[in-house]
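The structure appears below as structure tokens.
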Amino acid sequence: MLYITQLVYIIPGQEKVFDEFEQIAIPQIAQYNGQLLFRLRPERSAFIEASIEEPYEIHIATFPSQDDFEKYKNDKERRKFLHLKEQSVKATILIQGVRL
């Protein structure tokens, strides 16, 4: 099982555009055998310590395999709406891992 953690940094003022992209992208996770475990929007007070900028959102998802994850990322319908992500997201940090 592959675990994906994504830290999402939004361009100020583009939150609604980002939400529009997520309404399309998140339901497609299941089409590729994945599952969104968490989608968090932490308040600044939730951070006990940080050495990098606090993200706007944190996503944690699972996919049975790297292949399923790659198919999700390359989904034709999702790719049609990547312009919304590009318009609204300043940066992301993607962390891949496995359960120990």
Side-chain angles (χ1 to χ4, degrees):
M1 185 69 67
L2 177 66
Y3 287 81
I4 305 293
T5 301
Q6 186 175 37
L7 309 180
V8 182
Y9 298 90
I10 297 294
I11 297 168
Q14 296 296 311
E15 294 83 359
K16 288 186 180 188
V17 175
F18 176 69
D19 285 337
E20 189 178 340
F21 175 72
E22 291 294 87
Q23 288 175 352
I24 296 158
I26 289 175
Q28 290 179 320
I29 293 171
Q31 293 177 21
Y32 295 94
N33 306 311
Q35 181 180 15
L36 180 66
L37 301 179
F38 295 108
R39 180 181 178 198
L40 307 168
R41 208 173 273 168
E43 297 289 328
R44 182 173 288 272
S45 63
F47 292 89
I48 298 166
E49 187 174 332
S51 61
I52 63 172
E53 177 185 0
E54 295 93 352
Y56 175 74
E57 281 192 1
I58 301 168
H59 301 175
I60 301 175
T62 62
F63 288 88
S65 68
Q66 182 71 39
D67 186 55
D68 288 316
F69 179 52
E70 294 299 326
K71 287 177 182 174
Y72 163 74
K73 289 192 314 184
N74 294 313
D75 178 87
K76 288 180 184 180
E77 188 66 21
R78 179 181 171 276
R79 293 183 68 77
K80 286 182 195 176
F81 296 95
L82 281 179
H83 66 279
L84 298 173
K85 182 179 181 183
E86 292 165 359
Q87 178 183 331
S88 61
V89 175
K90 176 173 55 172
T92 61
I93 297 174
L94 185 95
I95 304 161
Q96 291 186 217
V98 295
R99 187 176 188 163
L100 299 177

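Predicted model, so just to flag it, every value in this text is computed and none were measured.
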* **Single-linkage hydrophobic cluster, 4.5 Å side-chain cutoff, Ile95 and Leu40 together** => yes
* Asked: Do Phe47 and Tyr9 share a hydrophobic cluster (ILVMFWY, side-chain heavy atoms under 4.5 Å, transitive)?
  -> no
* Asked: When the ring planes of Tyr56 and Phe18 are compared, do they come out parallel, tilted or perpendicular, using 30° and 60° as the limits?
  -> perpendicular
* Structure fact -> On a heavy-atom basis, the closest approach of Ile11 and Glu86 is CD1-O, 4.4 Å
* Asked: Does CD belonging to Gln66 count more than 12 external heavy atoms closer than 6.0 Å?
  -> yes
* Asked: How many angstroms lie between atom CD of Gln28 and atom NZ of Lys73, to the nearest 0.5 angstrom?
  -> 14.5 Å
* Asked: Under a 4.5 Å cut-off applied to non-hydrogen side-chain atoms, are Leu2 and Gln96 in contact?
  -> yes
* **Glu57 side, atom CD; Glu22 side, atom CD - distance, nearest 0.5 Å** => 6.0 Å
* Please report the shortest heavy-atom distance between Gln35 and Ile29, naming the atom on each side. => N-CG2, 3.5 Å
* Asked: Would you say Phe81 and Lys85 make side-chain contact, with heavy atoms under 4.5 Å?
  -> no
* Verdict with reasoning, Phe21 to Arg78, per side chain to side chain contact (heavy atoms under 4.5 Å, CB included) -> CA-CA 9 Å; Phe21 175 72; Arg78 179 181 171 276; 4.2 Å; yes
* Asked: Given Phe63 and Ile4, is the side chain to side chain contact (heavy atoms under 4.5 Å, CB included) satisfied, shown in steps?
  -> CA-CA 8 Å; Phe63 288 88; Ile4 305 293; 4.2 Å; yes
* To do: Verify the cluster assignment for Val17 and Ile24: are they in a single hydrophobic cluster under the rule of side-chain heavy atoms below 4.5 Å apart?
  => yes
* If Ile, Leu, Val, Met, Phe, Trp and Tyr residues are connected whenever their side-chain heavy atoms lie under 4.5 Å apart, and connections chain through other members, are Met1 and Leu37 in the same group? -> yes
* **Min side-chain heavy-atom separation Val89-Ile10 under 4.5 Å** => yes
* Identify the heavy atoms of Pro64 and Tyr32 that sit nearest to each other, and give their distance. => CD-O, 4.3 Å
* To do: Show your reasoning for whether side chain to side chain contact (heavy atoms under 4.5 Å, CB included) applies to Ile93 and Ile52.
  => CA-CA 11 Å; Ile93 297 174; Ile52 63 172; 4.2 Å; yes
* So among Asp67, Asp75, Asp68, Asn74, which one has a side-chain hydrogen bond (donor to acceptor under 3.5 Å, both in side chains) with Lys71? -> Asp67
* Applying the 4.5 Å side-chain criterion to the ILVMFWY set and letting contacts propagate, would Leu7 and Tyr3 be lumped into a single cluster? -> yes
* Any side-chain heavy-atom pair from Lys90 and Glu53 closer than 4.5 angstrom? -> yes
* Side-chain (Tyr72) to main-chain (Asn33) donor-acceptor, under 3.5 angstrom -> no
* Test salt bridge (charged side-chain N to carboxylate O under 4.0 Å, His left out) applied to Arg41 and Glu15, step by step -> CA-CA 12 Å; Arg41 208 173 273 168; Glu15 294 83 359; over 6 Å; no
